[in-house]
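Sequence lines set the chain letters: A, B, ... in the order given, protein chains first and strands last, and positions in each chain run from 1.
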Protein chains: 2
Amino acid sequence: MVVELPDSTLDRLFRALADPSRRDILRRTMTTSASVSALAADYEMSFAAVQKHVAVLESAGLVRKTAKGRERLVRADPAQLARARAVLAELETLWHARFSQLDAVLSPPKE
Amino acid sequence: MVVELPDSTLDRLFRALADPSRRDILRRTMTTSASVSALAADYEMSFAAVQKHVAVLESAGLVRKTAKGRERLVRADPAQLARARAVLAELETLWHARFSQLDAVLSPPKE
DNA sequence: GAGTTCTACAACCATCTGGTTGTACGTTAG
DNA sequence: CTAACGTACAACCAGATGGTTGTAGAACTC
């Protein structure tokens, strides 16, 4: 159950999550899809700024945009989120192996 | 089981995770503690650069440094990692509530 | 004591980031 | 058709980030 993701993908993923506005947008679009302007209405920043945040989330694969008339509906996609969580879980797994280092000796490296 | 963390803490956490070198350092120090120079030996970058990465991990609470003679041993602390994972899990939970939006109707808005 | 090792920290630099404003264009409403 | 709305995108700016080199101090080694 080793998670194999290119570095750049993970970089963009965690980077995207490292901003409170983006986490909020993600939270909001988890349950409902919302247009960019609908999202932007609830923040202090400009529309363009929110647009950029959505773009960051989109390029990280955390969100998808679908055209509907003149507006673009944004909805979260939990797949990448699950991957990020798996990466963290895997790191934690290493910690648990900390005191049972016999395993490392008994199972020879495969590559 | 709501995760309550100040935004800035989460920012630093995910920010720290958004770099392959830092994730690697984290991985390495999960199982063993290593001095900064021992860590630095395995990367192309300068010692000072590695030192900075460790500092970022430390300020995110992902790593702790303990003095041992002239060297500082770095070891990972999985606590913050678990918190980050919990935040992601909570976000995913929202997704699952997506189709049971009756809840939103039944509980009137509080603000 | 002298030299080496490990670390800390400052200064500097290029690039990225998060924000802004302005312009342009497709879409909906009157 | 015209006006308003929703979006896209470029240009610009201040500050953060990731890297460098250089200097200095504390701790080992000899």
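- Mapped onto DNA chain C by nearest heavy atom, A:K68 and A:A18 fall at different nucleotides, with A:A18 at the one closer to the 5' end.
- A:D11 places its CG atom 15 Å from the C1' atom of C:dT15, with the value rounded to the nearest Å.
- Phosphate contact (OP1/OP2 of C:dT17, side-chain N/O of A:H53, threshold under 4.0 Å): absent.
- Set against D:dT7, C:dG18, D:dG18, the side chain of A:K52 has C:dG18 as its closest nucleotide.
- Within the 4.5 Å cutoff, the side chain of A:R23 has heavy atoms near those of the B:D11 side chain.
- Considering only side-chain N and O atoms, A:S46 lies under 4.0 angstrom from the phosphate OP1 or OP2 of C:dT20.
- Evaluation of atom-type donor-acceptor distances gives a pair under 3.5 Å for the side chain of B:R70 against the base of C:dT5.
- Remark: C1' of D:dA8 and CG of A:L39 are 16 Å apart, rounded to the nearest angstrom.
- Counting only heavy atoms from C-beta on, B:M45 has its side chain closest to D:dT20 among C:dC6, D:dT20, D:dA8.
- Residue A:L26 is grouped with residue A:V50 when hydrophobic side chains (ILVMFWY) are merged at heavy-atom distances under 4.5 angstrom, including chains of intermediate members.
- Closest to the side chain of B:Q51, out of D:dT7, C:dG19, C:dT7, is C:dT7.
- Within the structure, a side-chain polar atom (N or O) of A:S37 is placed less than 4.0 Å from OP1 or OP2 of D:dT7.
- Of the residues near DNA chain D, A:A48 and B:A48, the one whose nearest nucleotide (by heavy atom distance) lies more toward the 5' end is A:A48.
- For D:dA8, the OP1/OP2 oxygens have a side-chain nitrogen or oxygen of A:K65 closer than 4.0 Å.
- Rounded to whole Å, atom C1' of C:dG18 lies 12 Å from atom CD1 of A:I25.
- The phosphate of C:dG18 (OP1 or OP2) has a side-chain N or O of A:R22 nearer than 4.0 angstrom.
- Put simply, CZ on A:F47 is 14 Å from C1' on C:dT23, counting in whole angstrom units.
- One interatomic measurement links the two molecules: CZ of B:R12 to P of D:dT17, which rounds to 11 Å at whole-angstrom precision.
- Counting non-hydrogen atoms under 4.0 angstrom, B:S35 reaches the backbone sugars and phosphates but no base.
- For A:R85 against B:L88, the heavy-atom pair with the smallest separation is N-CD1, 3.6 Å.
- Grouping the Ile, Leu, Val, Met, Phe, Trp and Tyr side chains by contacts below 4.5 angstrom, directly or via other members, places B:L10 with A:L57.
- With rounding to whole Å, A:D19 atom CG is found 13 Å from D:dA16 atom C1'.
- For A:R72 and D:dA8, the shortest distance from a side-chain N or O to OP1 or OP2 is below 4.0 Å.
- Each of A:L73 and A:R15 has a nearest nucleotide on DNA chain D; the 5'-most of these lies closest to A:L73.
- Nearest heavy atoms, A:F47 versus A:A40: CD1-CB, 3.9 Å.
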